[in-house]
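The sequence lines fix the lettering, A, B, ..., with proteins before strands; numbering per chain opens at 1.
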2 protein chains.
Amino acid sequence: MARAREAKRHSYDEEDALPDGAPPSISAADVGPLADMVGYALRRAQLAVFDRVIKEFAALDLRPAQFSTLALLKHRPGLKQSEAAAALGIQRANFVALFDLLEARGLAERRPYARDRRSHALHLTPAGERLVARAQEIEAAHERKLEQILGSDGRAQLLVLLRQLAERL
Amino acid sequence: MARAREAKRHSYDEEDALPDGAPPSISAADVGPLADMVGYALRRAQLAVFDRVIKEFAALDLRPAQFSTLALLKHRPGLKQSEAAAALGIQRANFVALFDLLEARGLAERRPYARDRRSHALHLTPAGERLVARAQEIEAAHERKLEQILGSDGRAQLLVLLRQLAERL
DNA sequence: TATTGTTATACTCTATAACTATA
DNA sequence: TATAGTTATAGAGTATAACAATA
């Protein structure tokens, strides 16, 4: 404990009297003006939702980015590798290892791309199709859970607002 | 080769651009069902907002987590280190290096905590007070920009929905 | 000369275990 | 024993540069 030991002479901290054994009061989560910042609220909400999603996908051994990749290829089979990465907002360099893992697990594959021998056409395997179907069921149940919290209108309105942020910023 | 690409990438640094009616209309990447997932929309929106915030704070050499720490200490001076970390949702182990940096820059400091010699009371320095005031002005301008995109009601409604997600999930 | 997939690398954030000094 | 701060470390995620094959 030899860190910031600079012999500061003042030690005024008689503000919060924390009696021993007292339950953690509301003040523990009081972040003041931060609570009114969109960026801060966005980060906290995203972490909460992702924590939940990661746990729900754990049984399938699927990370969010892996699920997104499979779901994208189900929707648009035959995408070029660079197109898939761009659509998901992932650098193409980082997409390589991500897709390598999906391919090693037999969930997706690279096929030759007819018109350009530099490119690969990405496709799900039958096993990939089955896994993404199961994952999307889990996902749908998760969305229903969110609807219980936000209300049906609230969830729909949230999606509109979030898309506006992502697209118009 | 890589030089042209690099110059192209770093070239968009416009801050106050974005006229109200002009739709940037970036890549209309069709991600199918992903677009209707709260988790996916949350991630894309958070990345967009943070990209912007990071650029706007760059002049102050402040990362979002550093700003949050300073803003929290302005609101609740004398917080114990573990309390500050918990309020921000940061592991106490990871908070150490974060606060070390703020202290090394003379923006905040650890003071002895009267009733428990294991703890530190965290405070802003005068320089920290000045910096966080400037950062909060930048932040306020950013919120006004978001309000132009979402509408005043939209921004307020977004905050309500995001807090519900973070607290009730 | 430019682009696609790739490798290598580095940096940030996050998560966990274990140590120390206090309680 | 338990807790606060700390250290060390490992794992994701992300960003950039460079290279070979191909356009």
Side-chain angles (χ1 to χ4, degrees), chain A residues 1-5 13 18 20-21 24 28 43-44 46-48 50-51 53-55 57-58 61-69 79-86 88-101 103 109-122, chain B residues 1-11 43-44 46-48 50-51 53-55 57-58 61-69 78-101 103 109-122:
Chain A
M1 198 169 278
R3 191 156 291 273
R5 196 60 80 91
D13 43 80
L18 271 213
D20 287 7
R43 169 177 171 263
R44 298 301 296 250
Q46 197 239 303
L47 289 177
F50 265 52
D51 272 7
V53 167
I54 287 169
K55 275 174 190 149
F57 280 168
D61 193 19
L62 264 194
R63 302 282 308 173
Q66 296 172 326
F67 168 74
S68 300
T69 302
L79 269 186
K80 289 201 297 179
Q81 194 166 310
S82 53
E83 291 171 339
L88 295 174
I90 301 174
Q91 303 283 333
R92 73 189 198 282
N94 296 327
F95 191 81
V96 174
L98 168 57
F99 197 84
D100 282 350
L101 199 50
E103 197 165 36
E109 59 184 6
R110 295 168 166 98
R111 297 186 193 163
Y113 194 84
R115 308 188 175 286
D116 188 338
R117 276 158 48 198
R118 293 173 301 183
S119 302
H120 294 153
L122 305 187
Chain B
M1 39 197 236
R3 185 169 288 256
R5 187 173 61 217
E6 176 192 315
K8 202 180 302 178
R9 289 203 163 193
H10 288 333
S11 62
R43 169 177 172 263
R44 298 302 295 251
Q46 198 239 302
L47 289 178
F50 266 53
D51 272 7
V53 167
I54 287 169
K55 275 175 191 152
F57 280 168
D61 193 19
L62 264 193
R63 303 281 307 173
Q66 295 173 327
F67 168 74
S68 299
T69 302
L79 225 45
K80 289 201 297 181
Q81 194 166 311
S82 52
E83 292 170 340
L88 296 173
I90 300 174
Q91 303 282 333
R92 73 189 198 282
N94 296 327
F95 191 81
V96 175
L98 168 57
F99 197 83
D100 282 350
L101 199 50
E103 197 165 38
E109 59 185 6
R110 293 167 165 101
R111 298 184 193 165
Y113 195 84
R115 293 179 305 284
D116 188 337
R117 278 160 43 199
R118 294 172 302 183
S119 301
H120 294 152
L122 305 187

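- For D/dA20, the OP1/OP2 oxygens have no side-chain nitrogen or oxygen of A/Arg118 closer than 4.0 Å.
- When heavy atoms are screened at a 4.0 angstrom cut-off, B/Gln91 is found touching base atoms of the nucleic acid.
- One atom, CG of A/Asp61, and another, P of D/dA12, lie 10 Å apart when rounded to the nearest Å.
- For the pair B/Arg92 and C/dT14, the criterion of a side-chain N or O lying under 4.0 Å from OP1 or OP2 is not met.
- For the pair B/Leu122 and A/Ile90, both in contact range of DNA chain D, the more 5′-proximal nearest nucleotide belongs to B/Leu122.
- The shortest distance between side-chain heavy atoms of B/Arg110 and B/Leu122 falls below 4.5 Å.
- The minimum heavy-atom distance linking B/Pro112 with B/Ala121 is given by the pair O-CB, 4.4 Å.
- In this structure, A/Ala65 reaches neither bases nor backbone, as no heavy-atom distance under 4.0 Å exists between it and the strands shown.
- Under 3.5 Å, the side chains of A/Arg115 and A/Tyr113 contain no donor-acceptor pair of N or O atoms.
- Following rounding to the nearest Å, A/Leu98 (CG) and D/dG11 (P) show an atom-to-atom distance of 18 Å.
- What separates CG of A/Leu88 from C1' of D/dG13 is a distance of 14 Å, to the nearest Å.
- Between A/His120 and B/Arg63, the one whose closest nucleotide on DNA chain C sits nearer the 5' end is A/His120.
- Taking only side-chain nitrogens and oxygens, A/Arg115 never comes nearer than 4.0 Å to OP1 or OP2 of D/dT22.
- Atom CG of B/Asp51 and atom C1' of D/dG13 are 13 Å apart (whole Å).
- Atom CZ in B/Phe95 sits roughly 18 Å away from atom P in C/dT12 (whole-Å rounding).
- Taking the side chain as every heavy atom from C-beta outward, B/Leu88 and B/Phe95 approach each other to under 4.5 Å.
- With the nearest nucleotide of DNA chain C identified for both A/Ala121 and A/Leu47, A/Ala121 has the one nearer the 5' end.
- For B/Arg110, no side-chain nitrogen or oxygen approaches OP1 or OP2 of D/dA4 to under 4.0 Å.
- Distance B/Ile54 CD1 to D/dA15 C1': 12 Å, rounded to the nearest Å.
- Between D/dT16, C/dT22, D/dA23, one nucleotide has an atom nearer to the side chain of B/Arg117 than all others, and that is C/dT22.
- Between A/Ser119 and C/dT4 there is no side-chain polar atom (N or O) within less than 4.0 angstrom of OP1 or OP2.
- Rounded to an integer number of Å, the gap from A/Arg43 CZ to C/dT12 C1' is 13 Å.
- How far CD1 of B/Ile90 is from CZ of B/Arg92: 14.0 Å, rounded to the nearest 0.5 Å.
- Proximity note for B/Ala93 (side chain, C-beta onward) versus D/dT14, D/dA8, C/dG5: the nearest is D/dA8.
- Side-chain to base pairing of B/Asn94 with C/dA15: one donor and one acceptor N or O lie within less than 3.5 Å of each other.
- In this structure, CD of B/Gln81 is placed 15 Å from P of C/dT22, rounded to the nearest angstrom.
- Only one option out of A/Asn94, A/Asp100, A/Leu98 pairs with A/Val96 in a side chain to side chain contact (heavy atoms under 4.5 Å, CB included); it is A/Asp100.
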